[in-house]
Every structure is written in structure tokens, then in C-alpha cells.
Amino acid sequence: MPASPTRYDPKTIEPRQQARWADANAFVTRDTGRQKYYVLEMFPYPSGNIHMGHARNYVMGDVVARHKRAMGFDVLHPMGWDAFGMPAENAAMERGIHPKGWTYDNIATMREQLKLLGLSLDWSREFATCDPEYYGKQQAWFLELYRRGLVYRKDGVVNWDPVDNTVLANEQVIDGRGWRSGALVEKRKLNQWFLRITDYADDLIEGLSTLDRWPDKVRLMQENWIGRSKGATLWWDVAEVPAFLANAPEGQPSHDRDPIEVYTTRPDTLFGASFIALAPDHKLTRTIAEHRPDVADFVKACAQTGTSEADIEKAEKLGVDLGVRVRHPFDPEKTLPVWSANFVLSTYGSGAIFGCPGHDQRDLDFARKYALPVLPVVRPDGTETVEIATEAYVGPGRIFNSDFLDGLSVEEAKAEAIRRLEASGHGKGATIYRLRDWGVSRQRYWGCPIPVIHCEACGVVEVPADQLPVVLPDDVTFDVPGNPLDRHPTWKHVQCPSCGADARRETDTLDTFVDSSWYFARFTDPTAAEPINAEAANRWLAVDQYIGGVEHAVLHLLYARFITRALSDAGMLSVKEPFAGLFTQGMVVHETYRRTDGAWVEPTDVDLSNDAGVRSARQRSTGETLIIGDIEKMSKSRKNVVAPAEILESHGVDAGRLFVLSDSPPERDVQWTPGGVEGASRFVQRVWALFDGFDPDASASDQDAALIRETHKAIKAVSEGVEGFRFNSAIAKLYAFVATVRDHDGAGGAARREALSALARLIAPFTPHLAEECWTRLGETGMVLDAAWPTYDPALAADDDVVLPIQINGKRRGEITMPRGADPKAVEAEALANPAVQAYLEANGQSIRKVIVVPDRIVNLVAG
RNA sequence: GCGAGCGUGGCGAAACUGGUAGACGCAAGGGACUUAAAAUCCCUCGACCUCGGUCAUGCGGGUUCGACCCCCGCCGCUCGCACCA
């Protein structure tokens, strides 16, 4: 007998195995010309600590990476830092630390924390986006896109915080106020840099159909975000204007001559038009407001209406008649009033609509309020007319009341209306998008400087290639609001590279989403002289499996797709889509605990008890009874955070890795529970006990066929689970397999060795430290990391006999055991002869009408 | 409002293409070992009853020999977008 089992001690074994990997440089990317596999998890922002959500994300990627490696792929699995951004500047303002020091300190801390997780990451490729080496390359391709016309400057409307003197991102505006200053945010027009993402709108939509390993949800979200809609642009000739607009001087834009442009998706309903409505900040509305106080008041009131969901819900349809009339494009004799209305958005289409109250709910609400005509022009098929009371009819049907469109279907009428509009020059078919160009200017310090120089004489001048990177100055101050780059005494004062005159360096920096839009390409050769080494990128891209949170469904994932296409068109890349496979994982959530006075209490300060199913909580430090609250995302404000470090300390890395993957499907949230980790920890001990009790020298000659069969079944199930991203199912199968191996008594023997050898390799992606230790215990000299993934033999995995349930009329009444693949006739005979079946038929006085035999599955008897 | 997803034991969940619902884990109850505890191991664990059954996958219908799975209609929850013309 082998010695009595020893306890597996993660605290000594895990560091030992990690040292072994480090000594062997085991995770440096191996490129041997085999099939490649690029696994990438969304790189972290270095906020200070690795939290449980990071851990789950990276462990998932690690399972994939280790499995692919075992499958014989050359695997690229790098890690870096999305290191520019506001928190560093906020820390600088609040604590007087330099953003650079703060960021690199955090990176150092988090790198060590990540390393403790035993991830198979190639750290030799690490970089941070705030490394001048990285952002300099970004500046280089930014200029290339500038030369290609994809970068431009224009006045854009931004959220401006008047107290902090800075632009705020939409996410930083909370209920109309700056999140830091609390000041009411103003809309301000500012000259900003934009990337022409709208050039790629169609491309980005078409590309979605090629992303068959992306979640449908994310593809749909992107499609909706781009928001392509097809319709027509119409021009309405002006018939009447107020006196103050008439007789504008020749050659100047004039509202009495220029037609009003309107976009519609329903040109088929044009004969039902009863008014035109302009946005409150439409240029004609504003011009009239200069002459009419009532219009000016209206515009002002609209500007103050909130844009939150609740505000919009409550907001009444309001408008004002502008005193202008326009001619109907299909009937010049017919004129319509022009209003300004609060529900028309200046940012969509041309900021003007035609109102067709019969077939648009908003238009109807508006028409009813201001007593405008309602003329229905679409009737449902099979009816002669349609009554419009308080609900517009928006369904399909036939056109009527519409002259030459009468009798056509909605779709036919759209096409015919556009044809007529184009013929008369009053309109044309048009496609418009919700997507707008990407404003990338930030008036902030801690970001990638935009590499241009403004010269009085030459205009915008590129920073010459030999002067890149444009490096951020270190000597900046954060004691006053605003952009430290702009008030730096010398940094922005330069000579024009073109004419040599005094010039001004651009002080805006790039949105940090630019930084994360190409890092995956840089990882393929992070030291290349060019931004992207084409050969390396060609070898490794696209990313085969990308893993991250769904919160980036439109932002990062759309930007990265755009930049990839732009760089590809610039000849720097040869893929159009950066991420061939995408997986969006769920969050790690935890129960919350509050005192009766409402204060949150950390889990480490909570004693839980469970008496016959009734759970209660007490505060450990005070003994006070606590309220068990909702299960929510781990957050500092709720204090329901469990740090990965605590788990490593108490149960070891492997138990923690196992648990975050075992309890829920990867795409769903997983609830962290102390009991759950203990369960995983017990499993680790059980596995070790199997290996520790194994005697490699014992040479039992019996072949345990059942154990071999179970082994092959487990290989099949675990492999399928890992490949299908069903890690929880794979782990459940491993638990069951371990119980099976344990139940097959014996210290040695060939079957047992085969079972344990497979087990060590199957657990390796999940609990790599334990797996190494077990592998060594089997007498193997190499690392399980490099061992081939076990293969299963379908013949060996199949049971000889199958238990077939017998149903009568769909209810289970008995079962028979038959050889696998038995002749259906034989199965039928056996089923009919079954005593339970006979008893049932006799008791109910029924006879068999029909027999359905599903081979090796089930027998159903239809009786009556 | 529009779009998408999800509703299965006390809890997290499983059931792959329609074929034995509840694998695996947690919690709970009982037992073994121990002076005791921890650890470990064994048993029970959807509900109800006459212990052979009956009812059970949000609710109501339908298709099918057979439905957690497909179809129709509701209810509830979550997420995304939102006065998008």
C-alpha cells in the first residue's frame, strides 16, 4: 500500500509550479509554423488592483489558451495595459501625485497580482498605451489616416463643464451636471478632431454578417448603433415667408428662396402631409427667433428640457407656427405650414420633418394638439378606408387619397414616390445613419498627444516623422482646472516644420478608445519600428478568441473594427475584422450586507448562519444583526468586494480559478459564495488524493474496461465543454469523473494509469498548478502544460448495453436493457414482453396501436 | 415605446439536433470515525399522498407517439437603444 494520503498545500505547491514555468520561459510565444491561435482578453485599465471580474475574464482566456496549446497550436496570449485616461489625472488633482507615477505604480502592483493567478501569458510582449514607444507609433498611423482624409477638424458640440473648464464625455454628465464639479453642463461648440468612421458605416454593417463567432446580441447592438435607414430627401419650395425674411439680397442664402430640406423614410405617405416641423435649433427657426420673441422663448424653453429618459417620456409635444408656408412637391397648388417642434432633433437627418399625422404617432399627437389636418393615406389590405382617432396607423396596406400612388402597396409607393421626386427634382432616394463621426479630441493631459502643429501661415502641419513621438512633458501642474498641456510654459511653443515661423503645438490629446483600437495588432510584434509589422500581423491576426465584458459592445468593439479597416485600407494590415471570435462574459456578483442604519458591511466582517434553510447575518466585529441585501456586481460603494488575493491566501489559486468558472455559464453572472470556493477546494484535495494514492509500480494486470470507458466518456464531455465555452459543464463532468475513478478501487493498473493521465491533462487548463503536481506524481518528467490533450476513442467511450426507458403514451412505465445498436424489431419484441408493460395494459384494458423505437434512446408505445 | 435575452428544487445550475427533467456544486437533515472538534467518508434531499402512484421546467392554449426545447397568446425580470422622421 502507498503511504497514507498527504494534504495538498497550495501555498507551497502553487509558487513552486509558477517558478518552474518561469524558469522554463514556458509562456513565451512559440512560433513553430503550426496552426496559430490568438487568444486575447480585453486589457485592463490599471486602476490599482486586480479584482474578481478581471480574474474571471483572464482565467477564461487562460483555459482557452492552455487547451489550444495542448491541442498543438502555436498560441499567442499577450497582456498589456490600457493606461491613459482620467482616473490618473483625478488622482493627480486629489492627491498631488503625477499621473505617470500613479499609473506605472498601479501597473507594477497589478502585474504581480496577475502573475499570482498562474496565467499562461507571454509577458515579454507587455506594453502600456502610455509608453511613448506605443503612443508614438499611434501618432504615426494617425498622421497616415490624416493624409488619407480620414482625420479632420470641425466645430463640434461638446459637453462643457464651466467650473472645471474642460470637455466631459457623455458618461461624465450625470443628470445634466458635471460629475466632479456639480456644475450645469453647457453645450459648447468647439473645434475638434474627428475620425471619419461614417465613411465605413456600410462596411461596418456588412462586415457583421461575417462575424459568425460573435454573439448575435452584440452584432445587433452594433447594427442598431450605426442605424442605417433608407428613405428620401425632399426639398420643399417656399411659398410664403414673413415680411422680415423677404427680399434677401441676391447671391446670399435666403430663406425666402432656398427650399427646406426634409428626410423621410415614408415618401409613400407624402400626400398625407399636413405640416413641416423644424428642430428648435434649425437655422430657419433661429433666424425667425431673432424677429419674433415668442419663437425665441420657445427655442429657449426647448434648450432647457432635459434629455433623460424620464424627461422625454413626460415632455409634451410643443411647437410654434413660424409663419412660413411651403409648396407640396407633388402639388404646387397645395401649401403647408412650417412649424418648429420640440420633438424634432437637429442632429438627425436635416433637422426637419414633414408631419403625416395619419401614419406617425408623434405627428398625430402634435396635429391633435394644434388642430392640424389629419388625412389618412394608407388603409389596411381588405378595407376601404381607415379611421384615425388617437392612434396612427403604421402597418402595411394600400395607398389611397394619393393621386398617382393610389392602389400601390406601401413598398411600391415608396419606390414610385422617389422616382417621381427625382424626375421633378424635388427629392431623391437617400440613406442616412445614426452613427456620427468620432470626436477624438480631449482637452486633457494624460492621453496621446495629437501630432500636429498649427501655423499662422501654413495652417495645420504634421509633425515630421523624425520628430515622433510627440512626448508628453513631465513637468505639469494640476492645481488649477483646465488642460495642463495648454498652460505649460514652453511645450506648445514650437517652430513650424514647414516655414520655420513661430507656431503652436496641438494641445488636445486623443480619446483613450483610440489607444485600444489597435493594441491587438501591436501585440503581434510590440517592438517593430513600424506601427504594425505586416508579416507578424499577417501571421497572428485576426484574434481567434477575444473575451471581455459586453459593456464594450458598441464602443471599443466598433472603434476597433473601424480602425482595423482604416489601417487595412492604408496597407498596414491585411485583415478587415480584428476579432474573428468574441465571447462576452458575465460579471462576478456578491450578496450585499447592511446594518439597520443603512451602512454597508464587508463580507469579511459578516458571519452567516443557516438554520434549517433560514439564513441570517451578523456583523462579526459588533455582533449586530445585518440585513442581507441584493446580489450585485462587486463594487467598493456596496462593500461587497472579495479580492482575489484573499482567496489565494485561503484556498489557493486553483480553487479560485475553478470556482469562478464552475458555478454559472461563462456568459452569465456568477455569484461569489464562500461555500462555493470551499467546494472547489475540496475537489482539489480529492484529485490530489487520487494521485497521491497511486502507485506507479503496482502492476495490476486486470484491464478495468468500465474505467477505461468512463475515461473516454469524460475526455469527450470535457473536450466538448471546453470547446463550446461551457466551462461549468466541463467542470461538472470532471467532478463526476473524479468520483468515478475513486469508486474504481485500486492503487495501480494500466486502466487506472490511463484514467489519471487523462485526468491530469483534462484539469490542466482549469487548475494548472494541481495538474503539474499530479503529472509529476505519475512519473512524467515534462510539464503537463506541454502534454498533448487526451483523445477519446468513440468505440471505447460507448457502453455495450443501453438502458431504454419504455413509455406508454408518453409516460415512463418501465425500462429494458438492450445491447447497443440492437435491432429495432428485437427492441420492440422485448418492450412488448416487458412485465410492467403487460401489467399496465391489463390494468387499463388497453392494447398497443403503434410502436416507436428510437434506436439506443427510448421506446414509446401508443396504446388505446 | 422599439429591439434582444431570460423564467427549471431552499440556492447556483444541467439536460448538445424534440427522447428517463433536476447531472455537478452549495445549503440543509441523518449517520460513521473521534474523549471532543476540525477534516474526511456514507445516506437522504422537487411537491403530494394510501409507497404504488399522482402532479411538477412562469401562466394559458396548440403541434407531436413524445415538449424545459417548436408554434400562438399572456405575465414577470434583465440588458441595449430611445421623440431617429
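For clarity, every value in this text was computed on a predicted model and none was experimentally measured. Chain naming here is simple, since letters A, B, ... match the order of the sequence lines and numbering starts at 1 in each.
Within the nucleic acid shown, Val550(A) has no heavy atom closer than 4.0 Å to any nucleic acid atom. At the heavy-atom level, Arg682(A) lies under 4.0 Å from the strands shown only through sugar-phosphate atoms. Contacts of Asn728(A) with the nucleic acid, taken as non-hydrogen atoms under 4.0 Å apart, involve only primed sugar atoms and P, OP1 or OP2. If you check every strand for non-hydrogen atoms under 4.0 Å, Arg686(A) touches sugar and phosphate atoms only. In this structure, Arg436(A) reaches neither bases nor backbone, as no heavy-atom distance under 4.0 Å exists between it and the strands shown. Using a 4.0 Å heavy-atom cutoff across all strands shown, Gly679(A) reaches sugar-phosphate atoms only and no base atom. Within 4.0 Å (heavy atoms only), Tyr735(A) reaches sugar-phosphate atoms of the nucleic acid but no base atom. Using a 4.0 Å heavy-atom cutoff across all strands shown, Thr264(A) reaches sugar-phosphate atoms only and no base atom.
Going from atom OG1 of Thr264(A) over to atom CG of Leu234(A) covers 6.5 Å, rounded to the nearest 0.5 Å.
For the ring pair (Phe, Tyr, Trp, His ring centres under 6.0 Å) test with His328(A), the passing option among Phe275(A), Phe354(A), Phe271(A) is Phe271(A); the others fail.
Where Thr265(A) and Asn224(A) each meet RNA chain B at their nearest nucleotide, the meeting point lying more 5' is that of Asn224(A).
Of the candidate nucleotides rU20(B), rC24(B), rA85(B), rA85(B) has the atom nearest to the side chain of Tyr263(A). Of the candidates rG12(B), rC84(B), rC83(B), the closest approach to any side-chain atom of Asp663(A) belongs to rG12(B). Which of rC84(B), rA14(B), rU40(B) sits closest to the side chain of Arg434(A) comes down to rC84(B). Side-chain proximity of Leu345(A) to rC83(B), rC16(B), rC65(B): nearest is rC83(B).
Look at rA14(B): it lacks any Watson-Crick or wobble partner with both distances under 3.5 angstrom. Pair assignment for rU40(B): rA32(B), on the basis of Watson-Crick or G-U wobble contacts that are both within less than 3.5 Å. Under the Watson-Crick and G-U wobble criteria, each requiring two contacts below 3.5 Å, nucleotide rG19(B) is paired to rC65(B). Pairing for rC81(B) goes to rG1(B), judged as Watson-Crick or G-U wobble with the two contacts each under 3.5 Å.
OP1 or OP2 of rA14(B) has at least one side-chain nitrogen or oxygen of Arg668(A) nearer than 4.0 Å. Considering only side-chain N and O atoms, Arg742(A) lies under 4.0 angstrom from the phosphate OP1 or OP2 of rC41(B). For rC84(B), the OP1/OP2 oxygens have a side-chain nitrogen or oxygen of Arg362(A) closer than 4.0 Å.
For rC71(B) and rA4(B), the P atoms lie 13 Å apart once the distance is rounded to whole Å.
Ring orientation note: the planes of Phe583(A) and Phe725(A) are close to parallel, at an angle under 30° on the 30°/60° scale. Between His590(A) and Tyr593(A), the ring planes are perpendicular. Angles over 60° get that label, and only those under 30° would be called parallel.
Geometric assessment of Arg434(A) against the ring of Trp225(A) yields a positive cation-pi assignment under the 6.0 Å and 45° thresholds.
Between Val338(A) and Trp236(A), every side-chain heavy-atom pair lies at or beyond the 4.5 Å cut-off.
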